[in-house]
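Computation of the quantities below employed the complete heavy-atom set of this structure, encompassing side-chain atoms and omitting hydrogens, waters and symmetry-equivalent molecules. These figures come from a predicted structure and were not determined experimentally.
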Amino acid sequence: MYEPFLQRAIALAIENVNSGQGGPFAALIVKDGKIIAEGANRVTSASDPTAHAEIEAIRQACRVLGNFQLSGCDLYASCEPCPMCFGAIYWARPDRVLYAASAADAAAAGFDDAFIYEELRCPPSDRRLSITQLLHPEALRPFQAWLSSSSKKPY
């Protein structure tokens, strides 16, 4: 039942490499046993570091469904999602994620995101990237506006 969707994701990842559009990653979103969205890595062709396959598939599926959440959907990926994609997946709220290759397999091919997981475990002051909080009292104003808004759509 799951294999045909994972096989499609793998085939799409190979097509993506062969076309020169991006890296060896693809993902699809399935609802009620039908593919409603597909995405392939377009980081280099789009000059967009967020154009990962999972993000592309999530964006397309949300447009198809007219909703920012993917409840009732499954996400199939040719490879275990990276930290950024996991974040997007959690926000999109599909019912489940199924993947083929592991993060270790991706690392062996030169796509190692272990350093991101390591950085996330560090306090901001110990990270390699300089991260500084500023204007904290003023920064609370957007949240106050959100909390008092009668037109907000919680997510």
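- Counting only distance, with no hydrogens or angles, the side chain of Gln60 and the backbone of Ala37 share no donor-acceptor pair below 3.5 Å.
- Considering only heavy atoms from C-beta on, Cys82 stays 4.5 Å or farther from Ile116 through its side chain.
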Carefully, step by step, assess Arg96 and Leu98 under the rule side chain to side chain contact (heavy atoms under 4.5 Å, CB included). CA-CA 7 Å; Arg96 80 184 129 219; Leu98 302 103; 3.6 Å; yes
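- Between Cys73 and the choices Ile58, Leu65, Asp95, the side-chain contact (heavy atoms from CB on, under 4.5 Å) rule is met once, by Leu65.
- The nearest pair of heavy atoms linking Ala27 to Ala57 is O-CB, 3.8 Å.
- Side-chain N or O atoms of Lys152 include one that pairs as donor or acceptor with a backbone N or O of Leu147 at under 3.5 Å.
- Between Arg59 and Glu56, at least one side-chain nitrogen of the basic residue sits less than 4.0 Å from a carboxylate oxygen of the acidic one, meeting the salt-bridge criterion.
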Please step through side chain to side chain contact (heavy atoms under 4.5 Å, CB included) for the pair Ser71 and Arg93, ending with a clear verdict. CA-CA 6 Å; Ser71 58; Arg93 295 181 176 90; 5.6 Å; no
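- Side chains of Tyr76 and Tyr2 form a contact here, defined as non-hydrogen atoms less than 4.5 Å apart.
- A 6.0 Å sphere centred on NZ of Lys34 holds no more than 12 heavy atoms belonging to other residues, nucleotides or ligands.
- Distance alone, capped at 3.5 Å, is enough to place a donor-acceptor pair between the Ser148 side chain and the Gln144 backbone.
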Side chain to side chain contact (heavy atoms under 4.5 Å, CB included) between Gln69 and Trp91, worked out: CA-CA 7 Å; Gln69 293 185 348; Trp91 280 114; over 6 Å; no
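- Linking Ile, Leu, Val, Met, Phe, Trp and Tyr whenever their side-chain heavy atoms come within less than 4.5 Å leaves Leu75 and Phe5 in two separate clusters.
- Here CD of Glu15 is found 5.5 Å from CG of Leu12. Values are rounded to the nearest 0.5 Å.
- Here the CG atom belonging to Asp105 is positioned 11.0 Å from the OG atom belonging to Ser78, to the nearest 0.5 angstrom.
- Between Arg42 and Asp48 the shortest side-chain heavy-atom distance does not fall below 4.5 Å.
- Here the straight-line distance linking atom CD of Glu118 with atom CZ of Arg127 works out to 12.5 Å at 0.5 Å rounding.
- Between Tyr155 and Trp146, the ring planes are perpendicular. Angles over 60° get that label, and only those under 30° would be called parallel.
- Grouping the Ile, Leu, Val, Met, Phe, Trp and Tyr side chains by contacts below 4.5 angstrom, directly or via other members, places Leu6 with Ile35.
- Residues Val64 and Ile36 share a closest heavy-atom pair of CG2-O, 3.6 Å.
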One pair to check against side chain to side chain contact (heavy atoms under 4.5 Å, CB included): Arg128 and Phe115. What are the steps and the verdict? CA-CA 10 Å; Arg128 290 183 271 180; Phe115 76 96; 3.2 Å; yes
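- Here the closest heavy-atom approach between residue Leu70 and residue Ala61 is recorded as CD2-CB, 3.8 Å.
- Using a distance-only test at 3.5 Å, with no hydrogens or angles considered, a donor-acceptor pair links the side chain of Ser45 to the main chain of Gln21.
- Closest of all the heavy-atom pairs between Ile55 and Ala88 is CD1-CB, 3.3 Å.
- Ala26 approaches Ala9 most closely through the heavy-atom pair CB-O, 3.2 Å.
- Ring planes of Phe25 and Phe111: perpendicular class, angle over 60° (limits at 30 and 60°).
- Paired with Asp113 under the rule side-chain contact (heavy atoms from CB on, under 4.5 Å), one option of Cys85, Pro83, Pro81 passes, and it is Pro83.
- At least one side-chain heavy atom of Lys153 sits less than 4.5 Å from a side-chain heavy atom of Phe68.
- Classification of Glu3 and Arg8 as a salt-bridged pair fails, no side-chain N sitting under 4.0 Å from a carboxylate O.
- In terms of heavy-atom proximity, Asn41 sits nearest to Asn16 at O-ND2, 2.7 Å.
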